[in-house]
Amino acid sequence: MTPTVGEVAGRLTEWLVRLMPAGDRRDALVAGLTAAFGADTDLISAAGCAAISAAAWPHARHVELFFEPGGTEPASDSPGEWPPPDPAAVRARAAGVSRVSRLDDGTGVVRIDTLDAVALAQPYVDAAFGLLRGARRLVVDLRGNGGGDPATVAWIAGWLLGDRSVKLSDVVSESGVREWWTPARPPGTALSQDAYLLVGPGTYSSGEALAYHLRARSRVTVVGVATPGAADHVLPIRLAPTVLAQVPRAYVRDAVTGGNWEGKGVVPDVPSGAADALDVALGLP
């Protein structure tokens, strides 16, 4: 039987209370969804899912509902898990490393469009950053990076933050706190050149994390457009056979700032149009 918008919103708020760390943001999100949809008797649809997602956006950028009209799987009674990555697919996209180049002026440019699981991504990341040794300066392009594995964030950050292990963040959930550190590197192997990092509306989630952590440590100059501001960790939860949701289960706390980019995004040091960000970075001293 197709549930109503109000029933789906109610199931979402139950999961938010169950998974999302307690605090003002969770309370405001639950209250807002209840007030907006609690009495809505329309049958759930793609439009209803979009409306709930839009109402959640001011409080939690990661909350999103997907309408699957042919779905038959029952609603979740326990938290879901993300499916394991397909190694062949990761290899086919070189773990999101879509560009590595050395420009005529000696600038090294690397574009990374996703953050695949570190066990699969590491060889591609290492190959890319290894090719940037000796470059006059670095440009890291994250304008199309939609996020992924926080372990890959830490691995990439380690290439730029030095050979010694550095604490990046705590990930805070109802079950506890997990620390994320960059790996210790062989002496003299991290890159130390001046670095510029490109961001835009397509820089999301863990892509934003990489930009935020590096900028918080004054390691990069960020160029482009402010990012969307999605700093939660999420799990997939089926609210109904036809509705799959992303539900926050934890938030990030940067080890330097004590905060994160949720709702604010990573604001560039040098604003520019997203399409022009590389040219603007190359024009900087």
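Count residues from 1 along the sequence. Atoms considered below: every heavy atom in the structure, side chains included; atoms not considered: hydrogens, waters and symmetry mates.
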Quick one: are [X] and [Y] in side-chain contact, heavy atoms under 4.5 Å?
X      : Y      : value
Trp57  : Pro228 : yes
Arg99  : Asp141 : no
Tyr196 : Leu282 : no
Glu174 : Pro21  : yes

Partner of Asp232 by salt bridge (Lys or Arg N to Asp or Glu O under 4.0 Å), out of Arg249, Arg25, Arg61 =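 Exactly one pass, corresponding to Arg25.
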Sort out for me which residue in Ser173, Pro248, Pro79 forms a side-chain contact (heavy atoms from CB on, under 4.5 Å) with Leu19.
->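 The side-chain contact (heavy atoms from CB on, under 4.5 Å) with Leu19 is passed solely by Pro79 among Ser173, Pro248, Pro79.
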Would Asp116 and Arg91 satisfy salt bridge (Lys or Arg N to Asp or Glu O under 4.0 Å), going step by step from the backbone distance to the final call?
-> CA-CA 10 Å; Asp116 281 308; Arg91 289 192 294 268; over 6 Å; no
Any side-chain to backbone donor/acceptor pair from [X] onto [Y]? Under 3.5 Å, distance only.
X      : Y      : answer
Asp170 : Arg253 : no
Thr152 : Val118 : yes
Arg143 : Val225 : no
Arg215 : Val267 : yes
Glu208 : Gly229 : yes
Arg26  : Leu29  : no
Gln193 : Leu138 : no
Ser206 : Asp149 : no
Thr203 : Gly200 : yes
Asp269 : Val222 : yes

Is it true that [Y] and [X] share a donor-acceptor pair across their side chains at a distance under 3.5 Å?
X      : Y      : value
Arg137 : Thr107 : yes
Asp254 : Trp261 : no
Tyr212 : Thr257 : yes

Hydrophobic cluster membership, with links at side-chain heavy-atom distances under 4.5 Å among I/L/V/M/F/W/Y: are [X] and [Y] in one?
X      : Y      : result
Val247 : Val30  : yes
Val252 : Ile156 : yes
Trp180 : Leu210 : yes
Met20  : Val177 : no
Leu33  : Val243 : yes

Tell me, yes or no, whether the heavy-atom count around Arg164 atom CZ, taken from other residues, nucleotides or ligands under 6.0 Å, exceeds 12.
->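 Not buried by this count: 12 neighbours or fewer within 6.0 Å.
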Does a sphere of radius 6.0 Å around CG in Asp24 hold more than 12 heavy atoms from other residues, nucleotides or ligands, not counting ones at 6.0 Å or beyond?
->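 Result for CG/Asp24: open.
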I need the [X] [atom1] to [Y] [atom2] distance, nearest 0.5 Å.
X      : Y      : atom1 : atom2 : answer
Glu262 : His62  : CD    : NE2   : 8.0 Å
Leu239 : Leu244 : CG    : CG    : 7.5 Å
Asn260 : Tyr251 : CG    : OH    : 8.5 Å
Asp105 : Leu103 : CG    : CG    : 5.5 Å
Asp163 : Thr182 : CG    : OG1   : 9.5 Å
Leu197 : Leu142 : CG    : CG    : 4.5 Å

Which pairs, with at least one residue in residues 116-140 and sequence neighbours excluded, count as a ring-ring contact (aromatic ring centres under 6.0 Å, His included)?
->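 Only Phe129-Trp159 qualify under ring-ring contact (aromatic ring centres under 6.0 Å, His included).
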In chain order, what residues pass the side-chain hydrogen bond (donor to acceptor under 3.5 Å, both in side chains) check against Trp181, with sequence neighbours excluded?
->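 With neighbours one apart ignored, the set is Glu179.
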Any Lys/Arg nitrogen of Arg93 or Asp86 sitting under 4.0 Å from an Asp/Glu carboxylate oxygen of the other?
->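 Judged by the 4.0 Å cut-off on N to carboxylate O distance, Arg93 and Asp86 do not form a salt bridge.
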Ser98 versus Asp113, closest heavy-atom pair with distance |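 Result for this residue pair: OG-OD2, 2.7 Å.
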Can the positive tip of Arg11 be found less than 6.0 Å from the middle of the six-membered ring of Trp15, inside 45° of the ring normal?
->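 Negative - Arg11 is either too far from the ring of Trp15 or too far off its axis.
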